[in-house]
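All remarks here apply to the structure that follows.
All heavy atoms count here, side chains included; hydrogens, waters and symmetry mates do not.
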Amino acid sequence: MYKIPNFFRPKVSCDLIRVGSKNDGGYVIPKSSINEVQVLISFGLSDDWKFEQDFQNLSKSKVICYDHSVNKKFWIVRFIKNCIAILMLKNIKDNFKKIFTYFQYLSYFKNSNAIHAKKFIAPKDDLVFGISPSDKSDLNEILLNNSYEDVFLKIDIEGSEYRILDQIISHQKKINSLAIEFHDCDLHFDRIKKFIDKFALDLVHIHVNNYSSINHNLNPSVIELTFSSKKHTYPINIEAIKFPIKGLDAPCDKNHIDKQVLFY
């Protein structure tokens with residue numbers, strides 16, 4: 001069982017759908033957003049863009065992914081590791097498939113409607129060790145330099161999400177839906193609560209990433225939250241909705257079950 005503060009409990013819901021991978025990398029999102037958004041802006045890519053690909057296939061929207069770490073070195077290191085694993089007879093089938101992921105990456109991001117920007121996401125004024133100013137971007141720069149409206153924003157940037165929460169609030173009128181992963185959340189409950197209180201969109205879904213650690217209070221360290229435009233939400237009997245939701249949620253780590261969430 002996971003224990004999570006009561007302010008995380010969604011008070012409303014909407015028509016939800018699961019998009020992306022069956023396990024880690026898949027998100028439960030508002031179905032209504034699929035046909036409304038102009039662009040999916042995704043912070044965090046790594047080697048899994050199935051969410052972005054599936055979302056684009058359903059919505060026909062433009063996709064822009066931001067991740068500075070996915071470069072030539074990333075793919076070379078990954079290829080070597082996969083080959084070594086195969087030689088050592090470890091997960092041969094999975095590692096053999098992963099060898100071809102680079103070509104799938106090239107195929108998906110070859111057209112103008114799916115773009116990978118090799119940028120580190122952090123406020124432009126922040127100094128980040130090892131990252132030059134030209135290799136950084138933030139939500140202010142992206143939205144102010146483009147005429148995007150009805151944005152679906154997906155954020156999984158390993159802790160840097162806290163640095164751009166104020167920017168999300170500043171641009172909330174342009175955001176149709178948000179899927180965000182909070183890391184080390186048990187250390188930042190107060191900051192997340194302030195964000196939820198200020199954010200114009202409604203919290204409609206919560207999921208615990210079961211790869212995360214759990215502290216002595218049974219608080220998980222990583223959670224996924226989904227927010228929807230208010231025009232698509234409706235009141236619910238909050239006591240009747242149990243998380244994870246059967247048929248929608250799936251464990252990020254497929255080798256371990258999703259535990260029940262208890263709000264307190």
What distance separates [X] [atom1] from [Y] [atom2], expressed to the nearest 0.5 Å?
| X | Y | atom1 | atom2 | answer |
| --- | --- | --- | --- | --- |
| Lys3 | Asp186 | NZ | CG | 14.5 Å |
| Leu201 | Ile169 | CG | CD1 | 9.5 Å |
| Ser137 | Ile142 | OG | CD1 | 4.0 Å |
| Tyr27 | Phe51 | OH | CZ | 7.5 Å |
| Arg191 | Cys185 | CZ | SG | 12.5 Å |

Output all residues satisfying side-chain contact (heavy atoms from CB on, under 4.5 Å) with [X], sequence neighbours left out; order by chain, then residue number.
| X | value |
| --- | --- |
| Leu187 | Asp184 |
| Asp15 | Lys31 |
| Pro220 | Tyr2, Ile4, Val208, Ser212, Ile223 |
| Asn111 | Asn113, Ala114 |

Looking only at non-hydrogen atoms, find the nearest pair between [X] and [Y] and report the distance.
| X | Y | result |
| --- | --- | --- |
| Ile164 | Ile157 | CD1-CD1, 4.2 Å |
| Asp258 | His207 | OD2-NE2, 2.8 Å |
| Ile238 | Lys11 | CG2-CA, 3.7 Å |
| Asn23 | Pro251 | ND2-O, 2.8 Å |
| Val70 | Lys118 | O-CE, 3.5 Å |
| Ile257 | Asn210 | O-ND2, 3.6 Å |

Should [X] and [Y] be counted in the same cluster of Ile, Leu, Val, Met, Phe, Trp and Tyr side chains packed under 4.5 Å apart?
| X | Y | value |
| --- | --- | --- |
| Leu144 | Ile64 | no |
| Leu143 | Leu178 | yes |
| Tyr105 | Val77 | no |
| Val63 | Ile180 | no |
| Leu262 | Phe8 | no |

* To do: Sort and list the pairs that fulfil ring-ring contact (aromatic ring centres under 6.0 Å, His included) and have at least one residue in residues 213-255, not counting sequence neighbours.
  =>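 Listed once each, the pairs are Phe195-Phe227, Phe199-Phe227, His205-Phe243.
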* To do: Examine distances only and state if a side-chain atom of Arg18 and a backbone atom of Ser21 form a donor-acceptor pair shorter than 3.5 Å.
  =>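 Judged by distance alone, yes, a pair lies under 3.5 Å.
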* **Test item: Asn71 side-chain N/O and Lys73 main-chain N/O as donor-acceptor pair under 3.5 Å** =>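 A pair under 3.5 Å: yes.
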* To do: Any chance you could lay out the side-chain contact (heavy atoms from CB on, under 4.5 Å) test for Glu224 and Asn209, step after step, and finish with the verdict?
  => CA-CA 7 Å; Glu224 302 159 353; Asn209 185 323; 4.0 Å; yes
* Please collect all side-chain hydrogen bond (donor to acceptor under 3.5 Å, both in side chains) contacts where either partner lies in residues 53-64, sequence neighbours excluded, each pair once. =>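 Passing the test, one end in residues 53-64: Lys50-Asp54, Gln56-Tyr108, Ser59-Ser61.
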Under 6.0 Å from the [atom1] atom of [X], do we count more than 12 heavy atoms belonging to anything else shown?
| X | atom1 | answer |
| --- | --- | --- |
| Asp166 | CG | no |
| Lys174 | NZ | yes |
| Phe103 | CZ | no |
| Arg163 | CZ | no |

Does some side-chain heavy atom of [Y] sit less than 4.5 Å from a side-chain heavy atom of [X]?
| X | Y | result |
| --- | --- | --- |
| Glu158 | Asp156 | yes |
| Asn140 | His171 | yes |
| Ile17 | Ile34 | yes |

* Would you check if there is a donor-acceptor pair between the side chains of Asn176 and Ser33 at a distance under 3.5 Å? =>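 Absent: no donor and acceptor within the cut-off.
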* Donor-acceptor pair between Ser177 and Ser228 side chains, under 3.5 angstrom ->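 Note: Ser177 and Ser228 side chains miss the donor-acceptor criterion.
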* Please step through ring pair (Phe, Tyr, Trp, His ring centres under 6.0 Å) for the pair His183 and Tyr162, ending with a clear verdict. => CA-CA 9 Å; His183 300 79; Tyr162 297 100; 8.2 Å; no
Only pairs under 3.5 Å count here: list side-chain donor-acceptor contacts from residues 119-131, not counting sequence neighbours, and write none if there are none.
residue : atom : partner : partner atom : Å
Lys119  : NZ   : Ser134  : O            : 2.5
Lys124  : NZ   : Pro133  : O            : 3.3
Lys124  : NZ   : Lys136  : O            : 3.1

* Would you sort out whether Gln104 and Trp49 count as a side-chain contact (heavy atoms from CB on, under 4.5 Å), showing the intermediate values? => CA-CA 10 Å; Gln104 296 167 357; Trp49 50 92; 4.0 Å; yes
* To do: Taking the six-membered ring for Trp and the single ring otherwise, decide whether the centroids of Phe55 and Phe152 are under 6.0 Å apart.
  =>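 So the answer is yes for these two rings.
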* **His188/Phe182 aromatic ring centres below 6.0 Å** =>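 No.
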* Report the C-alpha distance between Leu153 and Leu139 in whole Å, list the side-chain angles of each, state the deciding distance to 0.1 Å, and finish with yes or no for side-chain contact (heavy atoms from CB on, under 4.5 Å). => CA-CA 10 Å; Leu153 187 59; Leu139 201 57; 4.1 Å; yes
Which pairs of donor and acceptor atoms, one on a side chain in residues 37-47, lie under 3.5 Å apart (sequence neighbours left out)?
residue : atom : partner : partner atom : Å
Gln38   : OE1  : Glu149  : N            : 2.7
Ser42   : OG   : Glu52   : OE2          : 2.6
Ser42   : OG   : Lys154  : NZ           : 3.3
Asp47   : OD2  : Arg78   : NE           : 3.1
Asp47   : OD2  : Arg78   : NH2          : 2.9

* Asked: With Phe79, which residues qualify under ring-ring contact (aromatic ring centres under 6.0 Å, His included), at least two apart?
  ->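 So Phe79 forms no ring-ring contact (aromatic ring centres under 6.0 Å, His included) with any residue.
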* What class does the angle between the rings of Phe109 and His116 fall in, given that below 30° is parallel, 30 to 60° is tilted and above 60° is perpendicular? ->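 Rings of Phe109 and His116: tilted, 30 to 60°.
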* To do: Could you check whether the rings of Phe7 and Phe189 sit parallel, tilted or perpendicular, using 30° and 60° as the cut-offs?
  =>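 Phe7 vs Phe189 ring planes: perpendicular.
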* With side-chain contact (heavy atoms from CB on, under 4.5 Å) as the test, would you mind laying out the steps for Ile168 and Ile155 before giving the verdict? => CA-CA 11 Å; Ile168 296 174; Ile155 301 176; 3.6 Å; yes
* Asked: Which residues satisfy the side chain to side chain donor-acceptor pair (under 3.5 Å) test with Asp197, sequence neighbours excluded?
  ->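 In terms of side chain to side chain donor-acceptor pair (under 3.5 Å), with neighbours along the sequence ignored, Asp197 is linked to Lys193.
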* With sequence neighbours excluded, residues passing side chain to side chain donor-acceptor pair (under 3.5 Å) with His68 ->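 In terms of side chain to side chain donor-acceptor pair (under 3.5 Å), with neighbours along the sequence ignored, His68 is linked to no residue.
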Using atom types as modelled, flag every donor-acceptor pair under 3.5 Å from a side chain in residues 83-95 to any protein atom, sequence neighbours excluded.
residue : atom : partner : partner atom : Å
Asn95   : OD1  : Asn82   : ND2          : 3.0
Asn95   : ND2  : Lys90   : O            : 2.9
Asn95   : ND2  : Asn91   : O            : 3.0

* To do: Could you tell me whether Lys231 and Glu36 make a salt bridge, using a distance below 4.0 angstrom between a side-chain N and a carboxylate O?
  =>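 Looking at Lys231 and Glu36, the cut-off is met.
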